[in-house]
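Report on one structure; see the data block that follows.
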Protein chains: 2
Amino acid sequence: MASRDGGQKSTDNDTRDRVLNAALHVFSERGFDAATLREITEAAGANIAAVNYYFRSKDALIREVLETFTRPGIEGRIAALDACERAAADGRPDLEDVIEALVRPMVQLSHDRRGGRAMIRLLMQTRALPRPQTVSFFSEELDPLVHRFVDALARAAPELGRPAVFWRYNFALGAVMQVLTDSDPKTRRLARLSDGLCDTDDDEAIIAQLVAFISAGFRAPSRTRVRSSAARVRAPA
Amino acid sequence: MASRDGGQKSTDNDTRDRVLNAALHVFSERGFDAATLREITEAAGANIAAVNYYFRSKDALIREVLETFTRPGIEGRIAALDACERAAADGRPDLEDVIEALVRPMVQLSHDRRGGRAMIRLLMQTRALPRPQTVSFFSEELDPLVHRFVDALARAAPELGRPAVFWRYNFALGAVMQVLTDSDPKTRRLARLSDGLCDTDDDEAIIAQLVAFISAGFRAPSRTRVRSSAARVRAPA
DNA sequence: GTCTATAACACGATAGAC
DNA sequence: GTCTATCGTGTTATAGAC
C-alpha cells in the first residue's frame with residue numbers, strides 16, 4: 001500500500017513505524033475522532049506532513065493501525081486453540097482448555113505495554129462506536145475466529161445446543177472484555193471498587209477466575225425456563 | 001425528576017426537551033467527539049444557538065444528557081434488587097433472583113426505542129473511552145449500585161469469598177453488556193454470526209440464557225488453581 | 001524524505017436583531 | 001425565545017522549497 005515494490009513496506013523505515021506506533025497509542029487514549037494528526041506526529045517526533053506521505057489520510061492511517069496491531073491477538077488465540085485441539089485426540093477438547101485458549105492471550109495482551117493494552121482499548125472503542133470501516137474490518141478478521149471457537153466449544157460441551165453455545169461464547173467474551181477494561185491502569189475501576197481485594201495486575205488470578213466462571217457457565221444446562229417470579233419487576237422505560 | 005421551582009427548568013419547554021432528546025440519540029450514534037451541535041439542533045428542529053441558550057456549552061449538554069437519561073436504568077435495577085431482597089426474609093436472597101434483578105432491567109432498557117437503547121450505547125462509549133467528566137459522573141452514580149449488588153450476591157452465594165464476588169459481578173456485567181451490544185439492531189452481530197440461531201429480539205430468551213450462565217458461574221467453587229497445562233501457550237506480544 | 005506555509009473548511013461559541 | 005451572521009480557533013490535507 002505505501003510504497004516500495006512488493007506491496008507492503010520495508011521494515012527499516014523508521015519514521016513510518018514511529019508514526020504508526022504513536023497513532024496506536026494516541027488513538028487508543030483519545031479515540032479516533034478526538035485524536036488529531038498533530039498529536040500523533042508530535043508524539044512520533046515526526047512532521048505533520050509525514051502522515052500524508054506514508055499513509056494517505058487519517059482514515060487510511062486508522063485502517064493501517066488496525067491491520068497492523070490486530071494480528072498478534074488473533075494469532076495468539078488461534079495458536080492456543082490449535083494447541084488444545086491437538087491435545088484432544090478424540091476430537092473432544094477439554095472445556096477448561098478451550099476457554100483458557102480464549103482468555104489467556106487476551107489477558108496477557110492487556111498487560112503488554114508495547115501495544116497490546118492499547119489494542120485492547122481500541123477494540124473496546126470499535127465495539128462501542130461502530131464505524132462502517134472498522135466494523136467491516138473486524139468482522140472480516142474476527143468472524144472466522146469466532147466460528148472456530150464456537151465449534152471447539154460445541155464439541156467440548158456436546159450436551160449444549162448450538163444456539164446456547166453462541167450465546168455463551170458472547171457472554172464469555174464480554175466477561176473478558178469487561179474485566180480487562182476495568183483492570184486498565186488508566187481507570188483501575190475494579191481495584192478501586194473492591195478496595196484492593198482484586199489484584200488486577202495478577203494475570204494468573206484473572207485467568208483463574210475467568211476460567212472457573214466461564215466453564216461453569218458453559219456446563220449449566222440450557223434452562224427450560226420456569227422462573228420463581230420474585231425478581232419480575234418491570235424496568236421503568 | 002427534572003424540576004420545577006427548585007432551580008432547574010420547567011418541563012413544559014418544548015425546544016429544550018427536543019434538543020436534549022436529539023442530543024442523546026446523536027451522541028449515542030456518532031460519539032461525543034464526532035457529534036456536532038449543528039447535527040443535534042438540526043435533528044431537534046431547533047436553531048444552533050438554542051444549545052447555548054438552554055445549556056451552556058457542549059460539555060454541559062453532555063453532562064445533562066447523562067444525568068437525565070441515566071436515572072431510569074439505575075432506578076430499575078435498584079427497584080428489582082429491593083424486591084428480591086424483600087422476598088428473602090432470612091436475608092439470604094435467591095441467587096437467580098438477584099442476577100435477574102441485575103439483568104432484566106438492562107435487557108429491557110436495550111429494547112426501548114425511546115432512549116434506553118441509546119443510553120446503553122452511551123454507556124458502552126463511556127466505558128471504552130473514559131473522559132474525566134463522564135468517569136467521575138458514572139462512578140458517583142454507579143458505585144453505590146455496584147456495592148449493593150455485590151452485597152446481595154455475597155449473601156446469595158455465601159461460600160464465595162468477597163474478592164471472587166467482585167470478580168464475578170464484573171464478569172456478569174460484561175456478559176450483559178456484550179450481548180446487548182451485539183444484539184443492537186445497528187449491528188446485529190450475534191444474529192449474523194449465529195446465522196439466525198440466536199433471536200436477539202427476544203428479551204426473555206436473552207434473560208434466560210444470561211441468568212443460567214451467570215448463576216452457574218457464581219456457583220462454581222473458587223478455583224484453587226491447578227491447571228492441566230494443555231492450553232498454556234504464550235501469546236505473542 | 002522532510003519541512004514550512006497555507007488552502008479550504010468545520011467547529012463551538014456569541015453578539016445582537018427581532 | 002428564536003434567529004442570522006460572524007468571530008476565532010483548530011482541523012485535514014497539500015503544494016512546493018529544501
Side-chain angles (χ1 to χ4, degrees), chain A residues 1-6 8-27 29-66 125 129 131-134, chain B residues 2-5 7-66 125 129 131-134:
Chain A
M1 38 219 53
S3 45
R4 203 62 41 182
D5 48 354
Q8 294 293 79
K9 51 270 162 178
S10 68
T11 44
D12 58 352
N13 189 323
D14 211 18
T15 304
R16 186 182 191 279
D17 287 352
R18 263 163 31 230
V19 171
L20 203 57
N21 262 285
L24 170 66
H25 286 94
V26 175
F27 280 147
E29 295 201 357
R30 305 241 305 132
F32 291 121
D33 293 309
T36 71
L37 299 183
R38 283 175 164 86
E39 279 180 273
I40 291 170
T41 49
E42 189 172 348
N47 189 275
I48 318 178
V51 61
N52 209 272
Y53 178 76
Y54 287 106
F55 315 90
R56 202 184 76 262
S57 63
K58 185 180 182 178
D59 267 3
L61 176 60
I62 291 176
R63 187 88 187 185
E64 190 67 24
V65 166
L66 291 180
Q125 289 177 26
L129 204 71
R131 313 163 168 242
Q133 47 167 322
T134 60
Chain B
S3 64
R4 207 47 51 176
D5 53 357
Q8 297 285 80
K9 51 270 163 175
S10 67
T11 45
D12 58 354
N13 189 324
D14 211 19
T15 303
R16 185 183 193 279
D17 287 353
R18 263 163 32 229
V19 171
L20 203 56
N21 263 283
L24 170 65
H25 287 95
V26 176
F27 280 146
S28 81
E29 296 202 354
R30 306 240 306 133
F32 291 121
D33 293 310
T36 71
L37 299 184
R38 285 176 164 86
E39 278 180 274
I40 291 170
T41 50
E42 189 172 348
N47 189 275
I48 319 177
V51 61
N52 210 271
Y53 177 77
Y54 286 106
F55 315 90
R56 205 183 71 262
S57 63
K58 186 181 182 178
D59 268 2
L61 175 60
I62 292 175
R63 186 89 188 184
E64 192 66 25
V65 165
L66 291 179
Q125 289 177 28
L129 205 71
R131 313 164 167 242
Q133 47 167 321
T134 60

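Small disclaimer: the values here were computed from a predicted structure and weren't measured. Letters go in sequence order (proteins before strands), and every chain restarts at 1. No hydrogens, no waters, no symmetry mates; every other heavy atom, side chains included, goes into these values.
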Listed partners of B:R38 passing side-chain contact (heavy atoms from CB on, under 4.5 Å), at least two apart: B:T36, B:I48

Can you identify which nucleotide, out of [options], has its nearest atom closest to the [X] side chain?
{"X": "A:S57", "options": "D:dG1, C:dA13, D:dA13", "answer": "D:dA13"}
{"X": "B:A49", "options": "D:dT2, C:dA15, D:dT14", "answer": "C:dA15"}
{"X": "A:K58", "options": "D:dA13, C:dC3, D:dT2", "answer": "D:dA13"}

Touch class at under 4.0 angstrom, heavy-atom based, for B:F55 against every strand present: nothing

At what distance, to the nearest 0.5 angstrom, does [atom1] of [X] lie from [atom2] of [Y]?
{"X": "A:E39", "Y": "A:F27", "atom1": "CD", "atom2": "CZ", "answer": "9.5 Å"}
{"X": "A:L61", "Y": "A:F32", "atom1": "CG", "atom2": "CZ", "answer": "9.0 Å"}
{"X": "B:N52", "Y": "B:T41", "atom1": "CG", "atom2": "OG1", "answer": "11.0 Å"}

Could you give the [atom1]-to-[atom2] distance, from [X] to [N], as a whole number of Å?
{"X": "B:I48", "N": "D:dC7", "atom1": "CD1", "atom2": "C1'", "answer": "14 Å"}
{"X": "A:N52", "N": "D:dA13", "atom1": "CG", "atom2": "C1'", "answer": "5 Å"}
{"X": "B:L61", "N": "C:dC11", "atom1": "CG", "atom2": "C1'", "answer": "15 Å"}
{"X": "A:R56", "N": "D:dT14", "atom1": "CZ", "atom2": "P", "answer": "9 Å"}

Between B:Y53 and B:N47, a side-chain donor and acceptor under 3.5 Å: no

Side-chain N,O (A:N47) to OP1/OP2 (C:dT2) below 4.0 Å: no

C:dA13 phosphate, OP1 or OP2, under 4.0 Å from B:Y53 side-chain N/O: no

Note: B:D59-B:R63 ion pair, threshold 4.0 Å (strictly below): no

Those residues of residues 29-46 of chain A lying under 4.0 Å from DNA chain C by at least one heavy atom: none

